[in-house]
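Since the structure comes first, as structure tokens, the remarks are kept for the end.
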Protein chains: 2
Amino acid sequence: MATDAKKRMLKEGALIVHRKGFNATGVAEIVKAAGVPKGSFYFYFDSKEAFGLELIDEYSLMIAGIAKAHFTDETKNALERIRAFFSSFVDFFTENEFRDGCPIGNLCLEMGDISRPFQEKLKSAIEAFQEGMATIISQGQKQGEILPDVPPESIADFLFSGFQGALLQMKVKKSIEPYRAFETLVFDRMLENAG
Amino acid sequence: MATDAKKRMLKEGALIVHRKGFNATGVAEIVKAAGVPKGSFYFYFDSKEAFGLELIDEYSLMIAGIAKAHFTDETKNALERIRAFFSSFVDFFTENEFRDGCPIGNLCLEMGDISRPFQEKLKSAIEAFQEGMATIISQGQKQGEILPDVPPESIADFLFSGFQGALLQMKVKKSIEPYRAFETLVFDRMLENAG
């Protein structure tokens with residue numbers, strides 16, 4: 001029951017912070033959405049910041065789950081697996097009118113400059129995600145499917161940038177076009193091993 | 001004198017909002033930094049939002065000035081001009097410990113979902129900037145310097161995404177590496193017309 005209350009606060013908090021940002025989300029809102037007494041919050045979390053840091057783990061786990069489903073899909077080659085992972089968010093963003101974006105990317109811009117613990121935790125989360133992607137890229141390079149002679153870590157870093165920037169633009173352009181430009185240039189033109 | 005007070009509020013406000021974000025910046029802070037009486041703010045701006053919308057013009061003019069200097073540099077070909085434009089920010093970001101990022105990109109994430117006037121104004125600002133870049137790209141394609149048969153508008157959109165995403169990552173990685181990954185993949189590998 002105790003653990004359940006904590007899980008519910010993280011789960012509901014993740015939704016609210018994704019929509020409104022971390023600073024605009026109040027503790028009262030989180031406990032209300034989770035249906036737990038207000039006192040529970042500070043029983044489970046030392047501070048709102050401590051809660052925010054656990055939220056980063058929550059988001060990372062969610063994204064890692066989606067990534068794993070695509071990255072282990074043996075019906076596709078490495079490049080197709082990565083493309084399918086990014087494309088899997090398209091329907092969500094389109095139905096959601098391109099609001100909200102990536103919860104990790106949002107926190108980078110919102111909290112990166114103002115909280116050292118957030119900055120360090122977000123850095124670790126991004127690096128862990130990119131390591132997983134670099135592994136697939138490296139396999140694709142060995143199979144001759146992906147542009148060789150560029151470090152897989154640089155390709156993973158670059159894919160993350162291109163996707164985050166497309167999300168940022170989609171938020172104001174209210175169109176899937178920035179994602180399509182990213183997808184076309186990266187997957188149709190750049191990473192495919194022409195040799 | 002009157003116009004001067006307005007200009008100073010926009011100039012000082014631009015610096016503060018770039019550092020702290022729009023919502024975290026107070027009117028009192030802006031008038032203090034500009035050295036004008038508090039009443040002046042609402043004499044020149046109908047609301048803080050109206051001020052924010054003029055700030056977008058302020059940032060756009062600043063960026064357009066830097067872009068023009070690089071885009072008209074006849075000692076370079078089209079691809080080199082665009083690369084020089086993006087690279088011109090590297091020293092600023094490095095000296096600034098990768099804080100702050102792009103003022104336009106920051107406002108997209110902070111305000112895109114919560115204010116329709118901001119969303120529309122940011123959209124126009126980004127589109128105007130990308131049109132200018134698409135013109136240079138199109139010239140480069142005609143000269144055979146840049147990957148042909150991809151619409152120049154898509155390339156401009158994609159370059160903007162890659163750069164914004166790199167800035168976002170630099171904020172938490174505290175390293176120039178995300179910019180280098182973007183630069184290497186885009187300018188050394190992707191856009192160069194291999195044909």
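We name chains A, B, ... by the order of the sequence lines, and we start the count at 1 in each one.
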Let me know if [X] has heavy atoms under 4.5 Å from chain B in its side chain, its backbone, both or neither.
| X | result |
| --- | --- |
| A:Q169 | side chain |
| A:Q130 | side chain |
| A:D149 | both |
| A:I155 | both |
| A:L168 | both |
| A:D100 | both |
| A:F98 | backbone |

With a 4.5 Å cut-off on side-chain heavy-atom distances among I, L, V, M, F, W and Y, is there a chain of contacts connecting [X] to [Y]?
| X | Y | answer |
| --- | --- | --- |
| B:V186 | B:L79 | yes |
| B:L53 | B:L61 | no |
| B:I66 | B:F160 | yes |
| B:V27 | B:L15 | no |
| A:V31 | A:I16 | no |

What's the separation between atom CD in B:Q119 and atom CZ in A:R99, rounded to the nearest 0.5 Å? 9.5 Å

Between B:L147 and A:L185, is there a side-chain heavy-atom distance shorter than 4.5 Å? yes

State, yes or no, whether a side-chain contact exists between B:K174 and A:K123 at a heavy-atom distance under 4.5 Å. no

Hey, which of [options] has the most heavy atom pairs under 4.5 Å with chain A?
| options | answer |
| --- | --- |
| B:E153, B:K173, B:E110, B:Q164 | B:K173 |
| B:G162, B:P178, B:A166 | B:P178 |
| B:S124, B:P151, B:S154 | B:S154 |
| B:A156, B:G105, B:G112 | B:G105 |

Hey, what's the ring geometry for A:F158 with B:F182, parallel, tilted or perpendicular (30° and 60° as the breaks)? tilted

I'd like to know which of A:S161, A:G165, A:A181 tops the heavy-atom pair count under 4.5 Å against chain B. A:S161

Using a strict threshold of under 4.0 Å (side-chain N to carboxylate O), is an ion pair present between B:R180 and A:D157? no

Select one option (side chain, backbone, both, neither) describing which atoms of B:I126 are under 4.5 Å from chain A's heavy atoms. side chain

B:K20, B:K171, B:E97, B:R19 screened by side chain to side chain contact (heavy atoms under 4.5 Å, CB included) with A:D113, the one that passes: B:K171

